[in-house]
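These notes concern the structure reproduced below.
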Amino acid sequence: MPTRHLEKTYDPKAVETRWSQEWIERGYFRASPEKPGRPYCIVLPPPNITGFLHVGHALNHSLQDILIRWRRMQGRNVLWMPGTDHAGIATQNVVERQLLEEGTSREALGREKFVERVWQWKATSGDTIVRQQKRLGESCDWDRQRFTMDEGLSKAVLEVFVRLYQDGLIYRGERLINWCPRCLTALSDIEVEHEESKGKLYSIIYPLADDPSVHLTVATTRPETLFGDTAVAVHPEDPRYNRLIGQRVRLPLTDRTIPIVSDAILVDREFGTGVVKITPAHDFNDYEAGVRHALPRFAVLNHQALLDPAGLEKAQAEPAVRDLVGGLPVAKARPKIEGLLRERGALVAVEDHKMALGRCYRCKTVVEPYLSPQWFVDIKPLAKPAIEAVENGSIRIIPEGWVNNYLGWMRDIKDWCISRQIWWGHQIPAWYCLSCNHAHIVTKDGRTTILPGASPIVAKSAPPYCPACGGRQLLRDPDVLDTWFSSGLWPFSTLGWPEQTPELKTYYPTSTLVTSFDILFFWVARMIMFGLKFMGDVPFKDVYIHALVRDAEGQKMSKSKGNVIDPLHVMEQFGTGALRFTLASMASPGRDIKLAEERIEGYRNFANKIWNAARFAHLYLDGPSECRPVSERSFADRWILSRLNDTILQVTNELEAYRFDRAANRLYQFFWHEYCDWYLEMIKPVLQNPDHGDAPSTRYTLQETLEIWFRLLHPFMPFISEEIWQTLPHEGETIVLQPYPSGVPSRHDPEAEERFQVLEEAIRLLRTARALLQYPPAKEVSFFVAQDATKPSQVLALLEPHLSHLGRGRVSIAPTADWPQTNVLRMVSSGLTVGVTVEGDVDLKKALERLIKQAGETDKEIQRLEGKLKNAEFVAKAPPDVIADHQHRLKTLSRDRALLTSSEQQLRAMLEK
RNA sequence: GGGCGGAUAGCUCAGUUGGGAGAGCGCUGCCCUUACAAGGCAGAGGUCACAGGUUCGAUCCCUGUUCCGCCUACCA
């Protein structure tokens with residue numbers, strides 16, 4: 001038998017680093033389409049290469065590793081596909097910050113050098129991420145690592161873009177889009193975070209052009225955009241204003257007049273004054289209204305959200321006004337404009353107003369609606385099958401609560417703006433012939449803009465010449481694709497698509513996607529749409545959505561708040577197993593995880609408990625003593641095998657249902673409170689007596705149950721289970737590739753389980769009595785056990801050795817009538833009565849005092865105590881049928897109540913005092 | 001504005017065909033009983049947010065209210 005000296009305290013770090021390396025070197029995680037078994041595949045949500053993994057990743061990855069290890073042990077042909085995401089804007093921002101610290105900038109470097117620089121960063125960050133993942137024990141096939149911008153994936157991106165373009169599902173056009181004035185790029189709708197904030201509502205007078213004595217009052221939250229107004233709208237059926245429709249008003253601070261139009265969609269008669277100003281270039285609603293009424297568009301804010309002097313001039317703002325606010329950012333321009341309007345008596349009211357402010361999800365800058373030419377995906381045709389896939393169950397979302405969320409969003413989906421004006425990403429495969437499009441290409445402030453009228457040539461590679469005119473000077477579209485465009489292809493691009501690889505054939509559709517809800521729309525929805533479009537099948541069958549990890553106060557973790565828990569730090573301090581187990585045990589569906597270090601510490605203790613149990617077992621397994629199975633196992637062995645079998649069944653069921661929390665809790669409960677607290681205690685006398693008849697068989701059971709236990713535990717705590725399993729008799733060279741234990745319902749042993757309940761109840765009653773008498777655990781006592789008359793009494797006789805061992809004393813099994821009538825403290829439960837001999841009056845009084853003290857000292861509390869004692873007596877005398885009928889109630893009332901037989905008066909005296 | 005989730009012990013949370021109120025941590029008392037003090041044993045602690053309803057019986061089902069999160073949205 002292999003032996004290894006196990007130190008007194010478990011040192012996770014040494015064990016974990018050794019095994020994580022060893023497993024990979026021996027190739028246990030390598031996947032192959034050739035391998036036998038039904039395929040089981042998970043693609044890892046690729047972490048962004050923006051730095052380090054946080055504890056949210058640790059949760060996400062731990063759950064996947066649990067599934068993967070479990071399925072691998074079940075004999076499935078497993079592939080866990082790892083990789084990283086280039087994370088366009090986010091990564092560009094990280095590198096830009098670095099450049100800023102170095103006193104340089106993206107612009108100074110130029111596009112080519114900058115992109116090179118990001119690739120360098122990618123190498124560093126990518127390495128860090130992979131190191132962290134390996135430390136966590138993730139059993140990915142590391143040889144297959146992919147990156148959303150590597151060669152193969154770039155090929156897939158080109159293929160998808162070109163095919164969508166050819167199918168008419170990608171188009172280019174000028175639209176009002178969300179624009180981040182700091183990142184200087186377009187954002188998709190979902191990249192804007194909405195935040196409730198306090199603003200002001202300004203009421204401004206717009207006098208009638210023909211009759212200044214009449215005016216309309218418009219309300220706006222953004223007075224600085226009034227220069228861009230091209231109409232005011234009223235409701236067609238509003239009697240206050242409908243006679244004015246078609247007339248014009250004078251736009252304050254400008255030399256323009258604008259028409260009064262009628263618009264029932266835009267205007268709510270009940271709100272404000274019932275008059276709305278229309279600024280088509282700076283508001284999404286107004287943009288639509290502008291289209292309806294064929295209004296001109298004046299953009300008065302530039303790409304940096306500064307009031308644009310040229311735009312103001314075009315909009316005919318008064319020259320003095322232009323000089324005052326031109327070039328100013330919105331925040332500075334607004335009070336100036338407010339002042340001007342006030343001076344002229346055009347400002348009639350300023351009220352506080354709640355409003356939702358949109359911010360860039362990457363840099364939190366306030367996003368502006370901005371008119372610009374962009375690329376879009378016509379998404380409705382792709383969304384339709386993606387809706388159906390979830391409706392008809394081809395894709396299962398767990399927990400179900402997210403289904404409606406998903407469907408709601410998909411049914412109301414808007415075209416997806418996929419172009420970004422940044423440098424880091426997949427450059428759009430579109431070229432423009434300079435001779436055909438020379439009028440449409442404008443370079444200003446170092447930014448090249450390709451106007452909407454230009455005609456692109458879309459192809460997988462640069463065309464050698466213009467097919468229209470034969471021109472050889474072609475300009476590639478400078479924009480790159482939204483980062484989610486490439487990650488949306490992840491489930492099939494990583495398997496080799498567009499090539500028809502064996503991997504694709506074997507592992508697509510993948511089995512399960514494990515992710516958090518915040519990227520349900522960004523990523524999951526896009527993968528489903530792309531998967532159905534290009535593979536003709538769903539990308540995964542189950543989507544398991546887990547919660548967000550927050551700090552102990554429930555705050556979202558963020559670097560700026562300083563409440564980030566670093567998984568590496570935790571792993572160093574408490575061990576990877578403890579971290580993984582903590583995260584699994586807290587992964588209840590539909591609730592965020594508030595992670596506190598104490599919790600992790602608790603599971604560190606669990607790992608140590610496991611370690612010590614193994615050390616204990618080795619004391620008896622390592623010697624030359626006989627160890628063999630027998631047909632007739634002892635009661636204790638039968639009981640623990642039954643409990644283990646139940647645990648296997650339950651853990652497996654919970655994993656099937658993605659209830660990692662319940663699986664983890666069952667494992668914990670089983671090992672600590674059933675295996676260690678009871679089983680190991682029960683078998684000690686057998687193990688310690690080499691001549692005991694049960695010894696060889698019990699040693700066998702000990703060794704057998706431990707070996708199974710570690711296989712059961714392995715997906716949750718991979719390192720400690722491998723380390724100890726190696727010291728036990730086993731087959732195979734690693735636990736990683738051993739079969740997962742399987743339970744059989746028929747192995748449940750009701751006789752042993754029932755017998756155990758009697759034993760447990762008796763021992764608990766006895767211990768309560770001992771505690772009341774303050775008898776130390778080592779003190780030998782004489783005690784009595786009697787069973788309820790309705791129950792077969794031979795059970796107690798069978799349990800006698802366990803009673804005396806666990807009870808630490810001499811046990812007499814006899815009806816209560818045969819017990820000594822004085823100096824015995826009795827404890828009664830529904831089925832058992834246990835009495836402990838009281839040695840001397842002093843102890844007894846003390847016990848009573850304790851009892852009273854525990855109950856409290858007020859009259860009410862003493863009454864309660866009396867009631868308890870009466871109930872205890874009542875139970876002892878209750879006829880069997882009453883007990884049966886009211887079992888639940890009586891159990892509560894009667895459990896663990898003390899009955900004093902020596903003298904009722906003595907009790908009364910104590911109570912009255 | 002719409003939608004979803006939550007409110008159970010001091011803290012973090014389990015608790016689905018409606019009948020026993022539970023776990024971990026923390027707290028109290030006793031114990032270094034030769035696997036483990038990162039431990040053992042025994043305890044204290046809760047009108048299961050509030051108000052109604054259905055039921056023999058509700059933490060669980062229904063209605064309403066309050067508070068807290070989140071998602072989503074064009075009320076100027």
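What you are looking at is a predicted structure, and each value in this text was computed from that prediction instead of being measured. In what follows, chains carry the letters A, B, and so on, assigned in the order in which the sequence lines appear, proteins first and then strands, with residues in each chain numbered from 1.
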Fill in: Interatomic distance at P, rU66(B) relative to rA73(B), whole Å
26 Å

Response to the item:
Picking from rG40(B), rA38(B), rG43(B), the nucleotide nearest the side-chain atoms of R604(A) would be rA38(B)

Worksheet item: Of N285(A), V218(A), V261(A), I258(A), which is the lone residue that meets side-chain contact (heavy atoms from CB on, under 4.5 Å) with I278(A)?
Response: V261(A)

Discussion item. For a quick check of understanding: with a heavy-atom distance under 4.0 Å over all strands, which category does R599(A) fall into, base, sugar-phosphate or nothing?
Written reply: base

Fill in: Partners meeting ring-ring contact (aromatic ring centres under 6.0 Å, His included) with F783(A) (sequence neighbours left out)
none

Practice prompt. Determine the Euclidean distance between corresponding P atoms of rG19(B) and rG26(B); express it in Å to zero decimal places.
Written response: 32 Å

Worksheet item: Within this structure, what is the CD1-to-P distance between I600(A) and rU12(B), rounded to whole angstrom?
Response: 16 Å

Worksheet item: Under 4.0 Å between a side-chain N or O of T768(A) and OP1 or OP2 of rC41(B)?
Response: no

Worksheet item: For V267(A), which contact category applies under a 4.0 Å heavy-atom criterion: base, sugar-phosphate, or nothing?
Response: base

Worksheet item: Among rA76(B), rC71(B), rA35(B), which nucleotide sits nearest the side chain of T221(A)?
Response: rA76(B)

Discussion item. Can you tell me the base-pairing partner of rA7(B)? Count Watson-Crick or G-U wobble geometry only, both distances below 3.5 Å, and say none if there is no partner.
Written reply: rU66(B)

Practice prompt. Pick base, sugar-phosphate or nothing for K414(A), based on heavy-atom distances below 4.0 Å to the nucleic acid.
Written response: nothing

Worksheet item: Side-chain contact, heavy-atom cut-off 4.5 Å: K414(A) with I379(A)?
Response: no

Item to complete: Would you mind reading off the distance between Y668(A) atom OH and rC25(B) atom P, rounded to a whole angstrom?
Response: 4 Å

Worksheet item: With a 4.0 Å cut-off on heavy atoms, is G274(A) in touch with a base, just the backbone sugar-phosphate, or nothing at all?
Response: base

Discussion item. Below the 4.0 Å mark, does rC41(B) have OP1 or OP2 next to a side-chain nitrogen or oxygen of R770(A)?
Written reply: no

Item to complete: Inspect the contact between E761(A) and R764(A) and indicate whether a charged nitrogen and a carboxylate oxygen are less than 4.0 angstrom apart.
Response: no

Worksheet, complete the sentence: Out of rA42(B), rG40(B), rA14(B), minimum distance to the side chain of P777(A) belongs to rG40(B)

Worksheet, complete the sentence: Winner on side-chain proximity to W672(A), out of rG39(B), rA42(B), rC36(B), is rG39(B)

Item to complete: Send over the distance from Y206(A) OH to rA76(B) C1', rounded to a whole Å.
Response: 11 Å

Discussion item. Could you tell me how far apart R175(A) (CZ) and rC74(B) (C1') are, to the nearest whole angstrom?
Written reply: 18 Å

Worksheet entry | Presence of N285(A) side-chain N/O under 4.0 Å of rA76(B) phosphate oxygens OP1/OP2 | no

Worksheet item: Contact class for H353(A) (heavy atom, under 4.0 Å): base, sugar-phosphate, or nothing?
Response: sugar-phosphate

Worksheet item: With sequence neighbours left out, what residues match F716(A) under ring-ring contact (aromatic ring centres under 6.0 Å, His included)?
Response: none

Discussion item. Would you measure the distance from the C1' atom in rG20(B) across to the matching atom in rA7(B) and give it in whole Å?
Written reply: 24 Å

Discussion item. Any side-chain N or O of K684(A) below 4.0 angstrom from OP1/OP2 of rG40(B)?
Written reply: no

Response to the item:
Looking only at rA73(B), rG40(B), rC36(B), the nucleotide nearest the D677(A) side chain is rG40(B)

Discussion item. Side chains of H353(A) and T221(A): any donor to acceptor distance under 3.5 Å?
Written reply: no

Item to complete: Would you classify A356(A) as touching base, sugar-phosphate or nothing, given that sugar-phosphate means primed atoms plus P, OP1 and OP2, and contacts are heavy atoms under 4.0 Å?
Response: base

Worksheet entry | Rounded distance (Å) that lies between atom C1' of rC74(B) and atom NE2 of H282(A) | 17 Å

Item to complete: Spell out, as yes or no, whether a donor-acceptor pair under 3.5 Å connects the side chain of R770(A) to the backbone of G807(A).
Response: yes

Practice prompt. Ignoring the backbone of E598(A), work out which of rA37(B), rC25(B), rA76(B) is nearest its side chain.
Written response: rC25(B)

Item to complete: Could you measure between the two C1' atoms, the one in rC25(B) and the one in rA38(B), and give it in whole Å?
Response: 14 Å

Discussion item. Please encode protein proximity along nucleotides 1-10 of chain B as a string of B, S and -, counting only heavy-atom distances under 4.0 Å.
Written reply: ----SSS---

Worksheet item: R615(A) CZ to rC36(B) C1': how many Å, rounded?
Response: 7 Å

Item to complete: Would you indicate what T9(A) reaches in the nucleic acid, counting non-hydrogen atoms under 4.0 angstrom: base, sugar-phosphate, or nothing?
Response: base

Worksheet item: Paired with rC30(B) by Watson-Crick or G-U wobble geometry, both distances under 3.5 Å: which nucleotide is it?
Response: rG40(B)

Worksheet item: Which sits closer to the 5' end of RNA chain B, F606(A) or S588(A), going by the nucleotide each is nearest to?
Response: S588(A)

Worksheet item: For F660(A), what residues pass the ring-ring contact (aromatic ring centres under 6.0 Å, His included) criterion, not counting sequence neighbours?
Response: Y544(A)

Worksheet item: Nearest to the side chain of N608(A), which nucleotide is it out of rA38(B), rG40(B), rA42(B)?
Response: rA38(B)

Practice prompt. Would you tell me if any nitrogen or oxygen in the side chain of K779(A) comes within less than 4.0 Å of OP1 or OP2 on rC30(B)?
Written response: no

Practice prompt. Determine the contact category for Y603(A): base if any of its heavy atoms lies under 4.0 Å from a base atom, sugar-phosphate if only primed atoms, P, OP1 or OP2 are that close, otherwise nothing.
Written response: nothing

Response to the item:
The residue, D189(A) or A219(A), whose nearest nucleotide of RNA chain B is more 5′ is D189(A)

Worksheet item: R767(A) has a side chain; which of rA42(B), rC74(B), rU12(B) sits nearest to it?
Response: rA42(B)

Worksheet item: Are Y370(A) and W179(A) close enough that their ring centres sit under 6.0 Å apart?
Response: yes

Worksheet item: Tell me, which pairs form a salt bridge (Lys or Arg N to Asp or Glu O under 4.0 Å) where one or both residues lie in residues 578-590 of chain A, sequence neighbours left out?
Response: D65(A)-R580(A)

Discussion item. Taking any heavy-atom pair under 4.0 Å as a contact, classify E601(A): base, sugar-phosphate, or nothing.
Written reply: nothing

Worksheet item: Among the nucleotides rA76(B), rA73(B), rG39(B), which one has an atom lying closest to any side-chain atom of M355(A)?
Response: rA76(B)

Discussion item. Rounding to an integer number of Å, can you tell me how far L806(A) CG sits from rA42(B) P?
Written reply: 11 Å

Fill in: Candidate nucleotides rA35(B), rC25(B), rU33(B), ranked by approach to the side chain of R808(A) - the nearest
rU33(B)

Worksheet item: Is a side-chain donor-acceptor pair under 3.5 Å present for N612(A) with R615(A)?
Response: yes

Discussion item. Using a 4.0 Å heavy-atom cut-off, does R659(A) contact any base of the nucleic acid, only the sugar-phosphate backbone, or nothing at all?
Written reply: sugar-phosphate

Practice prompt. Report which part of the nucleic acid H805(A) touches: base, sugar-phosphate, or nothing (heavy-atom distance under 4.0 Å, all strands).
Written response: nothing

Worksheet item: Now, which nucleotide makes the Watson-Crick or G-U wobble pair with rG45(B), with each of the two distances under 3.5 Å?
Response: none

Practice prompt. Answer with base, sugar-phosphate or nothing: what part of the nucleic acid does L520(A) contact at a heavy-atom distance below 4.0 Å?
Written response: nothing

Worksheet, complete the sentence: For rG22(B), the nucleotide meeting Watson-Crick or G-U wobble distances (both under 3.5 Å) is rC13(B)

Practice prompt. May I ask which nucleotide in the shown strands pairs with rU54(B), Watson-Crick or G-U wobble, both distances under 3.5 Å?
Written response: none

Practice prompt. Determine the interatomic distance between C1' on rU47(B) and the same-named atom on rC31(B); round to the nearest Å.
Written response: 38 Å

Item to complete: Please list, chain by chain and in numerical order, all residues satisfying ring-ring contact (aromatic ring centres under 6.0 Å, His included) with H802(A), sequence neighbours excluded.
Response: F635(A)

